[in-house]
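Right, one structure below, let's go through it.
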Number of protein chains: 2
Amino acid sequence: MSKSSKTVSPAKTVRENSFGWMTKILCASLDAEMRRELKHLGLSLDQFAMLMTLAEAEGLTQTALGSRISMPGYATTRTIDALEEMRYVERRKDERSRRSYRIYLTDQGRTVIPGLFVIVKKVNGQLLSVLSSDEKKQLMTIYKKIVTARFD
Amino acid sequence: MSKSSKTVSPAKTVRENSFGWMTKILCASLDAEMRRELKHLGLSLDQFAMLMTLAEAEGLTQTALGSRISMPGYATTRTIDALEEMRYVERRKDERSRRSYRIYLTDQGRTVIPGLFVIVKKVNGQLLSVLSSDEKKQLMTIYKKIVTARFD
DNA sequence: TCATAAAGATTGCATTTGCAAGTATTGTAT
DNA sequence: ATACAATACTTGCAAATGCAATCTTTATGA
């Protein structure tokens, strides 16, 4: 074995250099942090995502709402069930179609939104705190490129 | 409203520019692709990760094996149960300690490994195909920086 | 040495998840 | 107008997940 060769297995090299793997590690770590932050509020990640989407646009049908965050129908139903239970959200009958509802934040729901923005800022901040501003720009460019390629 | 202002809500801007959010989208998309690839092999993502780890190092205890992929003890037990059921893996009694097992690939298990490397290459390749080689280097540097900061 | 704690692994049980099937309503084509 | 397909949403049920308790074995300290 030559002096310069590394004593790592090929498998190790593959895993540690895998973008997919690193993305997963990062994602798991972010999820854990978000969950921890959301715990005091009694919110799951799905419920959080739904509330953020409602902060962006109210009055959509369940399907439209769910599709914004790639949430399947059954999960959308259940997430809204839970948020309705907490009085953060309400279903209103659609005026044109009796098979769909339009989803709105309640006043009570509106009060929790600002705290959610704070959490997002905090978690993203931690994530990015080790990067230079050049690197942040690079990462954003790269992410957008990848995500765009996947969904267009 | 000035000519140059964009007609998007603040919420939308926050979500679409959130690194955490984009990481999650990317991760979900990767997971779905991996699951699809692994389906013919009858493997879950956890089982896949365990087999890849075994390709990297055999003869570890369950706990050691699980800790390499941040898998909690109970999940490690169950993943190994399933892989043992498929005859891809076997538990051998530890010679020094009667409370632990050492985990090894079986011959049959070894035959599936090459296919797993192919899948990893394929999925990572798709992920990165839209990036220039400079961008790939940048992404790797950035990922390593973030992941290192989180776990050291 | 003996009690007590810690480590390694497993499992019971409740919750979550996801598929597939269900209901009700609306759209489409003959 | 009628039959058939598609849409919107819900739900039953089985599998996956996760917490906490358990069992066994090993380590630690007085």
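Remember, it's a predicted structure, so these values are computed and weren't measured experimentally. Order of the sequence lines fixes the chain letters, A, B, ..., with proteins taken first and strands second; residue numbering starts at 1 for each chain.
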Point to revise | ILVMFWY cluster, Val147(B) and Ile142(B) together (side-chain gap under 4.5 Å) | key: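 Result: yes, single cluster for both.
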**Study point:** Lys/Arg cation over aromatic Tyr104(A): Arg92(A), 6.0 Å, 45° cone
**Key:** yes
Interatomic distance, [X] [atom1] vs [N] [atom2] [rounded to whole Å]:
| X | N | atom1 | atom2 | result |
| --- | --- | --- | --- | --- |
| Leu65(B) | dG8(C) | CG | P | 13 Å |
| Asp31(A) | dT17(C) | CG | P | 11 Å |
| Met71(A) | dT17(C) | CE | C1' | 12 Å |

Check your understanding: Tell me, do Met52(A) and Leu116(A) make a side-chain contact under 4.5 Å, heavy atoms counted?
Key -> yes
Exercise for review: Could you identify which residues of residues 73-80 of chain B place a heavy atom less than 4.0 Å from some atom of DNA chain D, listed by residue number, or say none?
Suggested key: Tyr74(B), Arg78(B)
Point to revise | Close residues, residues 84-105 of chain B, relative to DNA chain C [heavy-atom separation under 4.0 Å] | key: Arg91(B), Arg99(B), Ser100(B), Tyr101(B)
Check your understanding: Taking the side chain from Glu33(B) and the backbone from Leu30(B), do they hold a donor-acceptor pair closer than 3.5 Å?
Key ->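 Flag not set: sc Glu33(B) to bb Leu30(B) has no pair under 3.5 Å.
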Review point. So what does Ser44(B) hit on the nucleic acid, given a heavy-atom distance under 4.0 Å: a base, only sugar-phosphate, or nothing?
Key: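 No contact.
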Taking everything shown except [X] itself, do over 12 heavy atoms lie less than 6.0 Å from its [atom1]?
| X | atom1 | answer |
| --- | --- | --- |
| Arg87(B) | CZ | no |
| Tyr101(A) | OH | no |
| Lys136(A) | NZ | yes |

Practice item. Look at the rings of Tyr143(A) and Tyr143(B) and say which category their plane angle falls in: under 30° parallel, 30 to 60° tilted, over 60° perpendicular. Key: perpendicular
Point to revise | DNA chain D: 5'-proximal contact among Gln62(A) and Arg35(B) (nearest heavy atom) | key: Gln62(A)
